**Q** 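Structure provided below as structure tokens; questions to follow.
This one's a predicted model, so the numbers in the text were calculated from it and none came from an experiment. Only heavy atoms go into these numbers, but all of them, side chains included; no hydrogens, no water, no symmetry mates. Chain A is the first sequence line, chain B the second, and so forth, proteins listed ahead of strands; every chain is numbered from 1.
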Protein chains: 2
Amino acid sequence: MQTVEKLTDTLKNNRLKITPQRLMIFKVLENNTSHPSAEEIYKKVKKVYPSVSFTTIYKTLETLRDLGEIKELTIDKDRKHYDPDISVHHHFICSDCREIYDIHEAFTANIKLDDSLRKDFSVSGFQISFFGVCSKCSNSDRF
Amino acid sequence: MQTVEKLTDTLKNNRLKITPQRLMIFKVLENNTSHPSAEEIYKKVKKVYPSVSFTTIYKTLETLRDLGEIKELTIDKDRKHYDPDISVHHHFICSDCREIYDIHEAFTANIKLDDSLRKDFSVSGFQISFFGVCSKCSNSDRF
DNA sequence: ATTTGTGCAAAACCTTTGCATTGAC
DNA sequence: GTCAATGCAAAGGTTTTGCACAAAT
């Protein structure tokens, strides 16, 4: 996602309106690496704008996704998560605490799209989901 | 997933009961590479057992997953899909028709778990989701 | 003034659960 | 006879939608 400042320009260029609620959602997402769910964003925005609705959260997230500013993550079986980091990277989800961690690793360069794959599919991207238990949870398991 | 025959033994060994509904669900899943959703399984079972319920479908899928016989796929943002092929492989989901295809490719061998990754996480598995449009859909787009 | 965004309430979905009944063993 | 499975209805949780009103441009 761009900076909030640049993002407001992008909205203007698309004849979209800049509202306090939206600005707050942008601020919550800016530099956010916690992969929040809609509810987590809602709760944070609600602290500043108590009357904000889920409708606004979902609509704004949809708008940001359509602008290509954020990515909707389908990795948690229970709910969607949102990622303002649209660069190529992958995720680890802890089966215990459900937290999602970023994985920026060099090995991803080793994934070459095979010709047979190219023939059958027009691949626009891929995403690796790692499963397991994070060190925080595996440590606490010992006690 | 094992063959239906072997699966019945596994159930017996776990003191689980073999019912006509379950057998039908097993048959629907056996050698099924279409990654069906619960509803798709429900519809097929319903043709033979019209009074079958979603409860039975979901409960049986849960049992099979807990036995390690099938995998629950979190790749489609709208619903879960079920895969009786528990061998290591990956998937391509068409953003147009939502169909999920298997990807069995040699390049997956190139993914080595980095030491830094091993240090922070106890990785039990990973799964690559490819996104894009399948050839069926990209062909039909032309008309 | 126009047009988009907001928020409420309700709906739409998918999935799970409580419970009485049925059926497998 | 015992215990697990089934099926119904209801509930739960997430996400979407219709619509009137508010706010941004």
Side-chain angles (χ1 to χ4, degrees), chain A residues 4 7-26 28 35-43 45-67 69-82 98 100, chain B residues 4 7-26 28 35-43 45-67 69-82 98 100:
Chain A
V4 174
L7 195 49
T8 57
D9 285 347
T10 303
L11 290 214
K12 282 175 191 165
N13 294 340
N14 285 275
R15 282 162 224 82
L16 298 171
K17 290 171 182 171
I18 293 145
T19 66
Q21 293 93 329
R22 282 184 167 181
L23 275 173
M24 191 61 207
I25 295 171
F26 299 167
V28 168
H35 313 91
S37 63
E39 186 177 16
E40 284 159 351
I41 297 164
Y42 171 73
K43 282 181 178 168
V45 175
K46 206 174 173 65
K47 284 185 181 167
V48 180
Y49 297 104
S51 70
V52 76
S53 67
F54 264 108
T55 310
T56 299
I57 305 294
Y58 278 112
K59 282 267 194 182
T60 301
L61 289 170
E62 184 188 33
T63 300
L64 286 173
R65 187 203 50 197
D66 290 349
L67 288 170
E69 295 289 334
I70 62 172
K71 271 195 151 184
E72 216 174 61
L73 300 185
T74 305
I75 180 174
D76 179 348
K77 64 186 177 60
D78 292 329
R79 58 187 60 78
K80 289 170 195 154
H81 291 261
Y82 297 89
R98 312 305 299 163
I100 297 169
Chain B
V4 173
L7 194 49
T8 58
D9 286 346
T10 303
L11 290 213
K12 281 176 192 167
N13 294 339
N14 285 273
R15 282 162 225 80
L16 299 170
K17 290 169 181 171
I18 293 145
T19 66
Q21 294 93 329
R22 283 186 165 182
L23 274 174
M24 191 61 209
I25 294 170
F26 300 166
V28 168
H35 314 91
S37 63
E39 187 178 13
E40 284 159 350
I41 296 165
Y42 171 74
K43 282 181 178 168
V45 175
K46 206 174 173 64
K47 283 185 182 168
V48 179
Y49 297 104
S51 69
V52 77
S53 67
F54 265 107
T55 310
T56 299
I57 305 294
Y58 278 113
K59 283 265 193 185
T60 301
L61 289 170
E62 184 187 33
T63 300
L64 286 173
R65 187 202 51 197
D66 291 348
L67 288 170
E69 295 289 334
I70 61 172
K71 273 195 150 183
E72 215 174 62
L73 300 184
T74 306
I75 181 175
D76 179 348
K77 64 185 177 60
D78 292 328
R79 59 189 57 79
K80 289 169 194 153
H81 291 261
Y82 298 88
R98 314 302 301 163
I100 298 169

**Q** Does the side chain of A:Lys71 reach to within under 4.5 Å of the side chain of A:Tyr82, using non-hydrogen atoms?
**A** no
**Q** Using a heavy-atom cut-off of under 4.0 Å over every strand shown, decide if A:Lys12 touches base, sugar-phosphate, or nothing.
**A** nothing
**Q** To the nearest 0.5 angstrom, please state how far the CG atom of A:Asp66 sits from the CG atom of A:Leu61.
**A** 11.0 Å
**Q** Is A:Arg22 near enough to C:dT6 that one of its side-chain N or O atoms lies under 4.0 angstrom from OP1 or OP2?
**A** yes
**Q** On DNA chain C, nearest-nucleotide positions of B:Leu16 versus A:Arg15: which is more 5'?
**A** A:Arg15
**Q** So if I take every side-chain heavy atom of A:Ser53 and compare against C:dG7, C:dT16, D:dG7, which nucleotide ends up nearest?
**A** C:dG7
**Q** Does any non-hydrogen side-chain atom of B:Arg22 lie less than 4.5 Å from one of B:Thr63?
**A** yes
**Q** Using atom CG of B:Asn14 as one end and atom P of D:dC3 as the other, report the distance to the nearest whole Å.
**A** 17 Å
**Q** Do A:Leu11 and A:Phe26 have side chains that approach each other closer than 4.5 Å (heavy atoms only, starting at C-beta)?
**A** yes
**Q** If you compare every side-chain N and O of B:Tyr58 against the phosphate oxygens of C:dT15 (OP1, OP2), does one of them come in below 4.0 Å?
**A** yes
**Q** Is there a side-chain contact between A:Lys46 and A:Met24 in this structure, where contact means two heavy atoms from C-beta onward sitting under 4.5 Å apart?
**A** no
**Q** Using a cut-off of under 3.5 Å, enumerate the N/O to N/O pairs linking the protein to nucleotides 18-23 of chain D.
**A**
none

**Q** Could you state the OH-P distance from A:Tyr82 to D:dT14, rounded to the nearest angstrom?
**A** 12 Å
**Q** Can you name the one residue among A:Leu67, A:Thr8, A:Thr60, A:Thr10 that meets side chain to side chain contact (heavy atoms under 4.5 Å, CB included) with A:Leu16?
**A** A:Leu67
**Q** Counting only side-chain N and O atoms of B:Gln21, is one of them less than 4.0 Å from OP1 or OP2 of C:dG23?
**A** no
**Q** Take the protein atom NZ of B:Lys59 and the nucleotide atom C1' of C:dG18, then report the distance between them rounded to whole Å.
**A** 10 Å
**Q** What's the angle between the local helix axes at either end of the helix from C:dA1-D:dT25 to C:dC25-D:dG1, using five pairs per end and rounding to 10 degrees?
**A** 30°
**Q** Can you tell me how far C1' of C:dA11 sits from CZ of A:Phe54, to the nearest Å?
**A** 16 Å
**Q** Map B:Thr60 and A:Glu39 onto DNA chain D by nearest heavy atom, then report which one ends up closer to the 5' terminus.
**A** B:Thr60
**Q** Can you measure B:Tyr42 atom OH to C:dC13 atom C1' for me and round it to whole angstrom units?
**A** 15 Å
**Q** Please give, in whole Å, the distance from C:dG5 C1' to A:Leu64 CG?
**A** 14 Å
**Q** Would you say A:Ser53 and A:Thr56 are linked by a side-chain donor-acceptor pair, where the criterion is simply a distance under 3.5 Å?
**A** yes
**Q** Under a 4.5 Å cut-off applied to non-hydrogen side-chain atoms, are B:His35 and B:Asp76 in contact?
**A** no
**Q** Please work out if A:Ser37 contacts a base, only the sugar-phosphate, or nothing of the nucleic acid, heavy-atom cut-off 4.0 Å.
**A** nothing
**Q** Can you check the B:Asp78 CG to C:dA12 P distance for me, whole Å?
**A** 16 Å
**Q** Hey, what do you get for CG (A:Leu7) to CD1 (A:Ile25), rounding to the nearest 0.5 Å?
**A** 11.0 Å
**Q** What is the distance, rounded to the nearest whole Å, between atom CZ of B:Arg98 and atom P of C:dC13?
**A** 16 Å
**Q** Specify the residue among B:Ile18 and B:Glu62 whose closest nucleotide of DNA chain C lies further upstream toward the 5′ end.
**A** B:Glu62
**Q** Pick out which of A:Lys80, A:His81, A:Arg79 makes a side chain to side chain contact (heavy atoms under 4.5 Å, CB included) with A:Leu73.
**A** A:His81
